[in-house]
Amino acid sequence: MSTSSQSPSAEYVVIGAGLSGSSAAWRLAQRGHEVALLERKVPAADDASSHGSARIFRYGYPNQLYTNLVVQARKAWDELEEASGSQLINPCGSADYGPLRNPRQLAEILANAGVEHELLSATEARSRFTGINFDTEVLWHPGAGVLDAERSVQAMVAQAKAHGAQVETQWPVASVEATANGYKLTSTDGRTYLASKIIVAGGGWLPELLGNLPLPSGFVRSVPKMVVYQENAYHFPYRDQEPEARQAWPTYIHKDPAFKSYGLPGGRDANFRGQKVAEYMAGRQLDTASQQNGQIDPANRQRVIEYVKKYLPGLEPTPYAETTCIFSATPTEDFIMDEVDGITILSPCSGHGAKFGPLLGELAADLATGVRETPELFRLASHAKAMA
């Protein structure tokens, strides 16, 4: 698409430079397409879902499709790490346990995918990881770890640029309108950009963007209502600060009827001296990410402290750092990836989408260019069927 004297233009414009948007821009540019990446603030903005150094990379899913996709994503991460010359995933393994986690089912799925794993009794697991009070059988898989979300975004943006993509920061999209040859995007301050096709990767801002996109009414109605959470996360110091002891801490997923929790080594965000712990989907519910206030919920803080006292004796039960983050989800927690009239909607549910980062761009690029259909589970028809 040629550049207008009034407005810059590109064949593909990607809205949002988080993990999914930066991945889509990289993959499209890598394939030789003309790409522009428009970001509301800066890539991996600190009030969005892809900031910071600590997200869980894991294979354990109760759905074979997701585990298989993680296997594919790991190869994509290897490609990105080689291209960027930096390690983006720090392997430390993951422990899955709790009455609602079903370690045996997870083990069967990992076996089907050829992922290394072990089933441990609670006693065996406590002897191996003395800082955690396991209360059920445990699935352990050593290939899991902690991914650095911010550096991953920066790496994918750099790769997109290296392949010719234009990256525009401080470019919040206010509206999109159809033109004779594609679309015109307008920013909140009146700037415009022209596109033949668009990929919308707005994360927690998707609910408010949807109403400003020229989409068929039936398509919009079929988009599942997303819940956007302002999640609370806390960093608790390790009781044993010896380097060997700190490096022995795994990530974990613990699902109990009374409390669903996840934890992971906090990385550089927390000076490597503690475990990041949170209660799953327990933050303040928002209609859209622009409603966030960044304030920690004191009641949630106390709940997590009591959880740490009961289940994580290897941690000091007083957090030394805390943060909020935007966490979006569909009713089924499945991703949204669908396309109509040259507009692709990409929402990988920031509650668990980070681990798929460099693969998401491949899938979105396939869909947007018509090379291959996206997994049926992610299409709007599948969401509608699940909600029927």
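We're numbering straight along the sequence, starting at 1. Fair warning: this is a prediction, and the values are worked out from it, not measured in the lab.
Proximity of Ile343 to Lys197: side-chain heavy atoms (C-beta onward) are nowhere separated by under 4.5 Å. Contact annotation: the side chain of Thr344 never approaches that of Asp338 to less than 4.5 Å [non-hydrogen atoms, C-beta and beyond]. Residues Lys385 and Ser382 have side chains not in contact (no heavy-atom distance under 4.5 Å, counting atoms from C-beta outward).
The ring of Phe134 has its center no closer than 6.0 angstrom to the ring center of His254. In this structure, Phe327 has its ring center under 6.0 Å from that of Tyr280. Phe236 and Tyr238 have their aromatic ring centers separated by at least 6.0 angstrom. Aromatic ring centres of Phe129 and Trp140 lie closer together than 6.0 Å.
Here the CH2-OG distance, from Trp77 to Ser152, works out to 3.5 Å after rounding to the nearest 0.5 Å. How far CD1 of Ile345 is from CZ of Arg379: 12.0 Å, rounded to the nearest 0.5 Å. Here NZ of Lys276 is found 4.5 Å from CZ of Arg55. Values are rounded to the nearest 0.5 Å.
The side chain to side chain donor-acceptor pair (under 3.5 Å) check on Ser84 picks up Ser86, with sequence neighbours excluded. Here Gln166 pairs with nothing under the side chain to side chain donor-acceptor pair (under 3.5 Å) rule; sequence neighbours left out.
Taking the six-membered ring where the residue is Trp, Tyr66 and Phe378 present tilted rings, their angle falling between 30° and 60°. Taking the six-membered ring where the residue is Trp, Phe356 and His352 present perpendicular rings, their angle passing 60° and hence far from 30°. Using bins of under 30°, 30° to 60° and over 60° for the plane-to-plane angle, the ring pair Tyr97/Tyr252 lands in the tilted bin.
Cluster membership for Met337 and Leu206, using ILVMFWY side-chain heavy atoms within less than 4.5 angstrom, is not shared.
Looking only at distances, a side-chain donor or acceptor of Thr251 sits under 3.5 Å from a matching main-chain atom of Gly93. Thr130 places no side-chain N or O within donor-acceptor distance of the main-chain N or O of Ser127, the cut-off being under 3.5 Å. The closest donor-acceptor contact from the side chain of Gln241 to the backbone of Arg273 lies under 3.5 Å.
Judged by distance alone, the side chains of Ser53 and Asp269 do bring a donor and an acceptor atom under 3.5 Å apart. A donor-acceptor pair shorter than 3.5 Å can be found between the side chains of Asp189 and Ser187. A side-chain N or O of Glu79 and one of Gln30 form a donor-acceptor pair less than 3.5 Å apart. Using modelled atom types and a 3.5 Å distance limit, the side chains of Ser328 and Ser350 yield a donor-acceptor pair. His33 and Glu11 form a side-chain donor-acceptor contact under 3.5 Å, judged by distance and modelled atom types alone. Between the side chains of Asn232 and Glu322, not a single donor N or O lies within less than 3.5 Å of an accepting N or O.
Residue pairs meeting the salt bridge (charged side-chain N to carboxylate O under 4.0 Å, His left out) criterion with at least one member in residues 198-224, sequence neighbours excluded, do not occur.
In this structure, Arg268 places its CZ atom where more than 12 heavy-atom neighbours from other residues, nucleotides or ligands lie under 6.0 Å away. More than 12 heavy atoms of other residues, nucleotides or ligands shown are found within 6.0 angstrom of CD on Gln105.
For the salt bridge (Lys or Arg N to Asp or Glu O under 4.0 Å) criterion with Asp96, the lone passing option out of Arg101, Arg104, Arg58 is Arg101. Each of Val200, Leu346, Val223 was checked for a side-chain contact (heavy atoms from CB on, under 4.5 Å) with Ile336, and the lone residue meeting it is Val223.
Comment: Arg303 does not engage Glu306 in a salt bridge, judged by the lack of any side-chain N to carboxylate O separation of less than 4.0 angstrom.
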